Amino acid sequence: MYATSYHRASSVEDAVRLRARNEEGRYLSGGMTLISTMKQRLAAPSDLIDLRHIPALRGISIDGRKVTIGAATPHADVAASRELRALCPAICELAGHIGDPHVRHMGTIGGSIANNDPAADYPAAVLGLGATVATDRRSIAADAFFTGLFEIALEEGEMVTAVTFEAPEKAGYAKFNNPASRFAMTGVFVAKTASGVRVAVTGAGSDGVFRHAGFEQALASNWSADALNGVSVDASRLLSDLHANAEYRANLVKVMAKRAVAAAG
Ligand SMILES: Cc1cc2nc3c(=O)[nH]c(=O)nc-3n(C[C@H](O)[C@H](O)[C@H](O)COP(=O)(O)OP(=O)(O)OC[C@H]3O[C@@H](n4cnc5c(N)ncnc54)[C@H](O)[C@@H]3O)c2cc1C
């Protein structure tokens, strides 16, 4: 690991100021990706600006059906929130099946979506729920936030502060996980929201998380797993790697979508 300077930020403003002062600096949230990348000498930030001790970035707040999850909220807190489970059990289930207990107690929703690993779970929930990503300077719709593999719409030094969404009428998530890491080889999040049905697929797309228009149309006219029987999944847009080829993933996308609808009820 290369030498780096550690800063414990006390507020969002403090963190943004520290980041602006250090061009080669990086925000540190759970460190589950960033620290291991640094240990492998694949990243060498001059400064680490720790967001975990900023009270405004942690916790879940609920106002009617509007849910706000602070960027530095660990997966374990999302999984354990009774108030959130009463409104949207699918996101609690998703968080409860990320990695292992250590990863769930350290890793955060903000770090997960800022990293936008193509096999991560949260991007499917954020896109599937039609959530809004709040940053220190603006709000970004989920449809515009995820722009490619490990790519997002943030500008230099911009920080995710929260994820907000309206609780859906129904939602479900199913993933076929890599048995070692538990990352999604394919994961599908389905939601019936006030603005229509949304289906987001992670772990499978060659450009990262994506929505499946064919599934959305089929479920909008008939919310049932059987409605997906006749809908095809185009393998040419899917990943092939040592875990699974594109054709195998195309089959998984449909199987996981059906399971997600069944889980949503
Ligand atoms: C063994 C293992 C298993 C895992 N399994 C899964 C799994 O099954 N499913 C899954 O989805 N994930 C999995 N993960 C990933 C994990 O859940 C974390 O979400 C992920 O590592 C990043 O979150 P973090 O909070 O640790 O971010 P960090 O590692 O601290 O940061 C990641 C990146 O995001 C940037 N960043 C962090 N916070 C912000 C912010 N608020 N604003 C802007 N940029 C920010 C950092 O600068 C860095 O570039 C696994 C990780 C490990 C190590």
Side-chain angles (χ1 to χ4, degrees), residues 4 6-7 9 11-12 14-16 18-20 22-40 42-54 56-58 69-79 91 93-128 133-138 140 145-146 150-163 173-187 189 200 202-203 208-209 243:
T4 188
Y6 172 87
H7 308 266
S11 65
V12 170
D14 186 31
V16 171
L18 283 161
R19 179 68 180 79
N22 298 287
E23 217 174 282
E24 299 297 321
R26 293 273 280 277
Y27 294 123
L28 173 71
S29 200
M32 291 290 93
T33 294
L34 186 52
I35 298 293
S36 54
T37 315
M38 290 171 67
K39 282 183 176 169
Q40 293 168 71
L42 296 172
S46 61
D47 297 77
L48 288 178
I49 297 128
D50 191 348
L51 308 179
R52 285 174 304 175
H53 307 280
I54 301 175
L57 291 183
R58 280 187 85 118
I69 306 176
T73 308
H75 312 325
D77 290 11
V78 173
I91 196 166
E93 282 296 309
L94 175 150
H97 289 93
I98 292 176
D100 51 42
H102 177 83
V103 170
R104 291 196 289 276
H105 281 87
M106 292 298 288
T108 64
I109 188 169
S112 175
I113 65 170
N115 194 47
N116 193 19
D117 188 305
D121 295 295
Y122 268 127
V126 170
L127 189 61
V133 179
T135 78
D136 61 297
R137 54 195 83 160
R138 59 187 168 140
I140 308 172
F145 184 79
F146 302 104
F150 297 101
E151 297 283 339
I152 47 166
L154 292 190
E155 293 162 0
E156 182 64 23
E158 189 170 8
M159 182 207 299
V160 175
T161 55
V163 170
Y173 180 65
K175 78 166 159 175
F176 190 87
N177 59 265
N178 178 312
S181 69
R182 315 257 163 66
F183 271 108
M185 271 165 62
T186 293
F189 196 99
T202 190
V209 67
H243 303 301

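When a ligand or atom number is given, it counts from 1 through the structure's own listing order. Bear in mind the structure is a predicted one, so any value in this text is a computation, not a measurement.
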Under 3.5 Å, is there a donor-acceptor pair between the side chain of R19 and the main chain of G25? yes
Pairwise side chain to side chain donor-acceptor pair (under 3.5 Å) hits with a residue in residues 110-123, at least two apart: D121-Y173, D121-K175
Using the side chain to side chain donor-acceptor pair (under 3.5 Å) rule, take N177 and H97 through it: C-alpha gap first, then chi angles, then the decisive distance, then the call. CA-CA 9 Å; N177 59 265; H97 289 93; over 6 Å; no
When you look at NE2 of H53, are more than 12 heavy atoms from neighbouring residues, nucleotides or ligands closer to it than 6.0 Å? yes
Candidates F146, F150, F183 - the one meeting side chain to side chain contact (heavy atoms under 4.5 Å, CB included) with P118: F150
Is it the case that the side chains of D50 and H7 hold a donor-acceptor pair, with the cut-off being a distance below 3.5 Å and no angle test? no
Identify, chain by chain and in numerical order, each protein residue with a heavy atom under 4.0 Å from an atom of ligand 1. R26, Y27, L28, S29, G30, G31, M32, T33, L34, L51, A71, H75, I98, G99, V103, G107, T108, G111, S112, A114, A120, D121, L154, E158, M159, V160, K175, S181, R182, F183
